Number of protein chains: 2
Amino acid sequence: MKSARAAVLPPEPAGSQVEAAYWRLRQEIICGNLAPSAKLRIDLLRQSYGFGASALREALSRLVSDGLAEAEAQRGYWVAPISREELNDITMARQSVEVEALRQAIRFGTLEWESGIVAASHSLERVETSMVKPTPETVAGWEHANRQFHMALIAGCPSRWLLRFTASLYDQWQRYRHRTVLRRAIPRRGLSADHKELIRLTLAREADAACAALSRHIEDTARKAEAAIFESIPIKAGPNSARRKSGKA
Amino acid sequence: MKSARAAVLPPEPAGSQVEAAYWRLRQEIICGNLAPSAKLRIDLLRQSYGFGASALREALSRLVSDGLAEAEAQRGYWVAPISREELNDITMARQSVEVEALRQAIRFGTLEWESGIVAASHSLERVETSMVKPTPETVAGWEHANRQFHMALIAGCPSRWLLRFTASLYDQWQRYRHRTVLRRAIPRRGLSADHKELIRLTLAREADAACAALSRHIEDTARKAEAAIFESIPIKAGPNSARRKSGKA
DNA sequence: CCCGACCATAAAATCGATATTCTAAGTTTT
DNA sequence: AAAACTTAGAATATCGATTTTATGGTCGGG
């Protein structure tokens, strides 16, 4: 039981303080505990999470490179803002990059790749089936399983750069979707028709159809998130989200 | 005269020590002064460039995110290695991402975008015309102008993410091409037929033809670099390029 | 003679303290 | 009254010293 649990929890490879700080902050940003556009004050984070100042600076640096945070010299760090425009941008970019990665995966993928898809979809199905109510823990497990599934789909792509970009975009996307997961109704039990079809077409190596299905899937989920975030009840924007729009000097 | 010069020199926005260190190291890696796979020892860099240890660590962190360096916890930093495989990967990824960016630029580009292309191609032509012999300075100017030109081509693309990925890949590519520029014959005077055609098709908004031309251009230049680097005289690999291939613990 | 554990050296990671820069409130001047 | 200057406060950036961890050679045992 315990090992089965561990497998669905998000990994936090803490080989060093910096890594630990990086993964922690990353998680906090993605799941919204650190709200978009919030100021990230070093000494405050220091006492909140118990990391050293240097480690935090280094972690924040990496988050800036990932596009999860922003920095201005001598002014400090902020959580990257979110907006309808950027959600659309992320969606469009995924439709370019992730779909191309899938195409190449279908073209070059090995048996090992196919097995990975089957394994990941099994995990995802199991998690979805056992998730009766969305709590922070089950949601974290589901998000991890879903990420693993999407990565498994394209893992057969031989281009390490496309894979890297895809992962980067997926993390960005998760920031948006996370805000919609907690409020949505109890999820269906088992994989969605979307996913099943995507798996079938991919394993059948029907590239065009599979790519179209993935593109549609990306579009649909993004539209739902867009509606949930920007058109229904606006979630607390946070009082500390003041950010100079600033023309630079 | 001086201002005209300044315009073609690569920018090094040194708003802070960390930024300065970052841009300096980045330049040294791209132009090969810091050889691929070379160990990056903090205290050594410290006395070589005169930056503080913390600033260097932070800069190195960012370079890792950019894929220009690698890190292993408790073991330090290395310059990212180069290989024929990765060159092919970068090339393929550019053909996916950069070409898609061009397609969107052609579709959505404004008048300002067109002007940017004309301006950048003018700069590039001027630099190429005035470059009688490849010296480190003129090469740096030419590489900057060439980069500006490629970025100008796709600047009309509305997706900030695609632009970011393209820039990232272009930097990677520059590492490879730089090793071929110094040894090649005296360049033609003025823009290549390749570039002229690419500009013409782009400004005429003939998307398919322009994308095909760009894809071919990327492929051709990559092939030339591949031949120059991996099939002719192997450049000094550097005695300090020893790197554990290492299975991780 | 070979293998494994131990110790000395060197490098990297972390922490705390100092200096610099920015922000904002209060004051003065026009 | 409005604008600009001054000054106190806070946050960031930088540097040096300490702690922790890896590495390579050596000694002792099998």
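Lettering follows sequence order; numbering is per chain, from 1. Not measured: the values here are computed from a predicted model.
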| task | Output yes when a side-chain donor or acceptor of A:Gln172 lies under 3.5 Å from a complementary backbone atom of A:Asp66, and no otherwise. | result |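 Here the side-chain-to-backbone pair exists.
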
| B:Glu19/B:Arg26 ion pair, N-O < 4.0 Å |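 Salt bridge absent between B:Glu19 and B:Arg26.
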
| query | Does A:Arg84 come within less than 4.0 Å of A:Glu231, counting only side-chain N to carboxylate O? | reply |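 A salt bridge links A:Arg84 with A:Glu231.
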
Does [X] put a side-chain nitrogen or oxygen below 4.0 Å from OP1 or OP2 of [N]?
X       : N      : value
A:Arg75 : D:dA13 : no
B:Gln17 : D:dC15 : yes
B:Arg46 : C:dA11 : no
A:Lys39 : D:dT12 : yes

Measure [atom1]/[X] against [atom2]/[N] and give the value in whole Å, please.
X       : N      : atom1 : atom2 : answer
B:Trp78 : D:dA22 : CH2   : C1'   : 11 Å
A:Glu19 : C:dT14 : CD    : C1'   : 15 Å
B:Leu45 : C:dA13 : CG    : C1'   : 16 Å
A:Arg41 : D:dA13 : CZ    : P     : 13 Å
B:Glu72 : D:dA22 : CD    : P     : 11 Å
B:Glu58 : C:dA12 : CD    : P     : 17 Å
A:Leu40 : D:dT12 : CG    : P     : 9 Å
B:Ile42 : C:dT14 : CD1   : P     : 12 Å

| How is A:Arg57 classified with respect to the nucleic acid when contacts are heavy atoms under 4.0 Å: base, sugar-phosphate, or nothing? |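 Counting heavy atoms under 4.0 Å across all strands, the contact made by A:Arg57 includes a base.
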
Report the nucleotide, chosen from [options], that has the shortest atom-to-atom distance to any side-chain atom of [X].
X       : options                : result
B:Gln74 : D:dG16, D:dA11, D:dA22 : D:dA22
A:Ser16 : D:dC15, C:dG16, C:dA13 : C:dA13
A:Tyr77 : D:dC15, C:dA12, D:dA13 : D:dA13
B:Asp43 : D:dT12, C:dA11, D:dA13 : C:dA11

| request: Please tell me which of A:Gly50 and A:Ala73 maps to the more 5' nucleotide of DNA chain C, matching each residue to the nucleotide holding its nearest heavy atom. | output: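 It is A:Gly50 whose nearest nucleotide is closer to the 5' end.
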
| Would you call the rings of B:Tyr176 and B:Phe230 parallel, tilted or perpendicular if under 30° counts as parallel and over 60° as perpendicular? |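 Judged by the thresholds at 30° and 60°, the geometry between B:Tyr176 and B:Phe230 is tilted.
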
| said: Distance alone, cut at 3.5 Å: any donor-acceptor contact between the side chains of B:Trp161 and A:Glu86? | reply: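 The criterion, which ignores hydrogens and geometry beyond distance, is satisfied for A:Glu86 and B:Trp161.
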
